[in-house]
Colleague: 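Mind having a look at this structure? Questions to follow.
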Amino acid sequence: MRLLVTGGAGYVGSVCSAVLLEQGHDLVVVDDLSTGNRDAVPESATFVEGDLADCAVDVLSAGVGGQAFDGVVHCAARSLVGESVVDPAEYWHGNVVTSLRLLDAMRATGTRRLVFSSTAATYGEPDVVPIVEDAPTRPTNPYGATKLAIDHAITSYANAYGIGATSLRYFNVAGAYGGVGENRIVETHLIPLVLQVAMGYREHISVFGTDWQTRDGTAVRDYIHVRDLAEAHVLALESSVEGKHRIFNLGSGEGFTVREVIDACRRVTGRDIPVVDAPRRAGDPAVLIASSDRAISELGWKPKLTELDTIVADAWEFTRQLGDRSHAART
Ligand SMILES: NC(=O)c1ccc[n+]([C@@H]2O[C@H](COP(=O)([O-])OP(=O)(O)OC[C@H]3O[C@@H](n4cnc5c(N)ncnc54)[C@H](O)[C@@H]3O)[C@@H](O)[C@H]2O)c1
Ligand SMILES: O=c1ccn([C@@H]2O[C@H](COP(=O)(O)OP(=O)(O)O[C@H]3O[C@H](CO)[C@H](O)[C@H](O)[C@H]3O)[C@@H](O)[C@H]2O)c(=O)[nH]1
């Protein structure tokens, strides 16, 4: 297929691009490099630097390479929970308006397949874990609200205009693949931050909240390897059904506390990782664990790299290889 990957210079988008290229697809990547890295885009993809909100129609109208597109993998977004609380306009415009422009461009150009990076943040604080796709959606921050709004728009566009769409609700993505991993200018995610401590770029890791109702008082998350995640995108594109919007949760189905993740990082790196207990972070739910049963049965998805130590080991390998070239080493 000839595919457009939005946000393909970002963490998830660049790994998805690498895996789609391995499967023989032809790719154009659009990214404004607001949080992505140009060198994360695979060499064999055509790269267009620009804001998707401005260039979606031009790119999809066969503006690059002169050929129509079969589908879009839409990863581009603003995705920092805390920032979305402080600056929601950036999120409603950057995520919702931009995605509507993309949907309109798909409609105008007859582009039939869409895979969208949705999130566990659409559910908010769950009543029951593991979380199934029919669980109530009550996002606790503007980031999750914008992603839910886009999911609703996609449902309407799919039903009315015949797009075959899939929203993949990722839980906590981690690990690395093909030389690409987490290397953001502003890093807020637990595993890359802990590994930065192991590298000596930070003095300690802060544990946000030690009084949650969990086995050790710290918050529980479901970590999914980015390689397994990318595979779900391939399956979703291949099985797309015109006029239908499907939603799938993607996680490993097992929850780990913040302290358990730090212990895994100590095991894998063999390094000292000092910890400082800190207050809860605004907007954080206590426990998020996915039920991925629907993706397994309907998409035929088979996550293979589900061990936490494997996920951390791949992230560590990437972090070490990147070394002084990382944003963390330079700040
Ligand atoms: N990382 C996670 O744990 C996680 C979990 C759930 C959902 N998601 C979603 O997955 C997607 C990718 O996340 P990520 O962790 O790779 O983030 P990221 O910040 O590494 O990647 C996002 C990319 O999109 C680009 N971008 C943003 N706005 C753009 C625009 N208007 N035009 C063009 N490019 C634009 C950025 O430059 C960046 O390269 C996001 O949609 C995010 O909401 C991520
Ligand atoms: O320095 C830190 C960073 C994080 N945490 C804790 O570690 C856990 C995981 O935090 P992350 O920031 O790594 O990930 P989140 O669970 O906040 O969010 C991620 O997963 C969500 C879905 O589960 C959303 O999709 C979101 O986009 C994505 O960043 C949370 O309890 C957080 O409070 C710390 O204790 N210290």
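Both counts, for ligands and for their atoms, begin at 1 and track the order of listing.
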Colleague: Pick from V129, V132, I131: which one makes a side chain to side chain contact (heavy atoms under 4.5 Å, CB included) with S291?
Modeller: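 Answer to the side chain to side chain contact (heavy atoms under 4.5 Å, CB included) test with S291 among V129, V132, I131: V132.
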
Colleague: Should you measure from each heavy atom of L193, which atoms of ligand 2 turn up under 4.0 Å away?
Modeller: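 Taking each heavy atom of L193 in turn, ligand 2 has 1 (O) under 4.0 Å.
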
Colleague: V81: heavy atom below 4.0 Å from ligand 2, yes or no?
Modeller: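 No; V81 lies far enough from ligand 2 that no heavy-atom distance drops under 4.0 Å.
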
Colleague: Which atoms from ligand 2 have a heavy atom of A120 less than 4.0 Å away?
Modeller: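 Reading through ligand 2 atom by atom, the close ones are 22 (C), 23 (O).
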
Colleague: Using only heavy-atom distances, determine whether the side chains of H189 and E187 contain a donor-acceptor pair under 3.5 Å.
Modeller: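 Indeed, the side chains of H189 and E187 share at least one donor-acceptor pair under 3.5 Å.
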
Colleague: Among all protein heavy atoms in this structure, tell me which lies nearest to atom 31 (N) of ligand 1, with the distance rounded to 0.1 Å.
Modeller: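 For atom 31 (N) of ligand 1, the nearest protein heavy atom is D51 OD1, 2.9 Å.
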
Colleague: Please determine whether any non-hydrogen atom of A174 lies less than 4.0 Å from an atom of ligand 1.
Modeller: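 False for this residue.
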
Colleague: Is V64 reachable from M106 through a run of I, L, V, M, F, W or Y residues, each pair having side-chain heavy atoms under 4.5 Å apart?
Modeller: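 Same cluster: M106 reaches V64 through Ile, Leu, Val, Met, Phe, Trp or Tyr contacts under 4.5 Å.
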
Colleague: Heavy-atom contacts with V207 under 4.0 Å: which atoms of ligand 2 show up? List them by number with element.
Modeller: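 Answer, ordered by atom number: 35 (O).
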
Colleague: Which atoms of ligand 2 sit under 4.0 Å from any heavy atom of A219?
Modeller: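 Listed by number with element: 31 (O).
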
Colleague: Centroid-to-centroid, H233 to F116, below 6.0 Å?
Modeller: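 No - the distance between ring centres of H233 and F116 does not fall below the 6.0 Å cut-off.
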
Colleague: Return the closest protein heavy atom for atom 33 (O) of ligand 2 as residue, atom name and distance.
Modeller: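 The answer is D284 OD2, 2.5 Å.
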
Colleague: Within the 4.0 Å heavy-atom shell around I205, which atoms of ligand 2 are there?
Modeller: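 Selected atoms, number and element: 1 (O).
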
Colleague: For a quick check under 3.5 Å, do R138 and T122 share a side-chain donor-acceptor pair by atom type?
Modeller: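 No, T122 and R138 have no side-chain donor paired with an acceptor closer than 3.5 Å.
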
Colleague: Could you tell me, atom by atom, which parts of ligand 1 come under 4.0 Å of a heavy atom of L33?
Modeller: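 Ligand 1 atoms under the 4.0 Å threshold to L33: 37 (O).
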
Colleague: Under a 3.5 Å threshold, yes or no: a donor from one side chain and an acceptor from the other, between N183 and S326?
Modeller: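 S326 and N183 do not have a side-chain donor-acceptor pair below 3.5 Å.
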
Colleague: Checking D277 against T210: is there a side-chain donor and acceptor pair closer than 3.5 Å?
Modeller: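 Their side chains do not contain a donor-acceptor pair, so the 3.5 Å distance test is not met.
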
Colleague: For ligand 2, which atoms sit closer than 4.0 Å to a heavy atom of L288?
Modeller: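 By the 4.0 Å cutoff, the relevant atoms are 23 (O).
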
Colleague: Please list, in number order, the atoms of ligand 2 under 4.0 Å from a heavy atom of T119.
Modeller: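 Those of ligand 2 that fall under 4.0 Å from T119 are 22 (C), 24 (C), 25 (O).
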
Colleague: Is there at least one pair of N or O atoms, one from Y223 and one from ligand 2, spaced under 3.5 Å apart?
Modeller: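 In fact, backbone or side chain, Y223 has no N or O that close.
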
Colleague: Check contact between K147 and ligand 1, using heavy atoms of the residue and a distance below 4.0 angstrom.
Modeller: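 The answer is yes, since K147 has a heavy atom less than 4.0 Å from ligand 1.
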
Colleague: Does the residue A121 have a heavy-atom contact with ligand 1, meaning some pair of atoms that are separated by less than 4.0 Å?
Modeller: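 No heavy atom of A121 comes that close to ligand 1.
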
Colleague: Has R325 got a side-chain atom pairing as donor or acceptor with Q321's backbone, closer than 3.5 angstrom?
Modeller: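 The answer is yes, because a donor-acceptor pair under 3.5 Å joins these two groups.
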
Colleague: Nearest protein heavy-atom contact for atom 36 (C) of ligand 1: which residue, which atom, what distance?
Modeller: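 The closest heavy atom on the protein side is T35 OG1, 3.2 Å.
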
Colleague: Can any side-chain N or O of D222 pair as donor or acceptor with the backbone N or O of S252 at less than 3.5 Å?
Modeller: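 Present.
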
Colleague: Yes or no: does S34 have any heavy atom under 4.0 Å from an atom of ligand 1?
Modeller: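 Contact check S34 vs ligand 1: positive.
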
Colleague: Numbering the atoms of ligand 2 from 1, which are under 4.0 Å from a heavy atom of S206?
Modeller: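 Ligand 2 atoms under the 4.0 Å threshold to S206: 1 (O), 2 (C), 34 (C), 35 (O), 36 (N).
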
Colleague: Tell me whether ligand 1 is touched by E182 - counting only heavy atoms on the residue side and a distance under 4.0 Å.
Modeller: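 Distance cut 4.0 Å: E182 fails for ligand 1.
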
Colleague: Is the shortest side-chain N to carboxylate O distance from R266 to D263 below 4.0 Å?
Modeller: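 Yes, charged N to carboxylate O under 4.0 Å.
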
Colleague: Would you say the side chains of Y123 and N249 form a donor-acceptor pair under 3.5 Å?
Modeller: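 Distance-only check passes for Y123 and N249.
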
